[in-house]
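Reading through the structure tokens given below for one structure.
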Amino acid sequence: MKFEDLIAKCPKCGSTDKTAHRRFIDNHHAHAELKEFKCDNCGYVFETGKDYEDSEEKTIKKDIITELNKKL
């Protein structure tokens, strides 16, 4: 999301307050990925993390995390 988009008003309620929600990938809470940018007032979703996913990079990261979780 560009800086201009972060300070833009919500199309539903006109608020400029947004929160980036993250999803923790593993039980270590050391890795997280963007879930969505959401308006604090009305819950309008501006952008989801799926827009940023790169399949090859995500697969490698997922393999490493799976291997780390096996060692626990």
Min side-chain heavy-atom separation Cys42-Ser15 under 4.5 Å:
no
At their closest point, which heavy atom of Ile7 faces which heavy atom of Thr16, and how far apart are they?
O-CG2, 3.8 Å
Beyond-backbone contact of Lys38 with Tyr44, side-chain heavy atoms, under 4.5 angstrom:
no
Which heavy atom in Phe46 sits nearest to a heavy atom in Lys18, and how many Å separate them?
CZ-CE, 3.5 Å
As an exercise, state the distance from CD of Glu36 to NE2 of His21, rounded to the nearest 0.5 Å.
5.5 Å
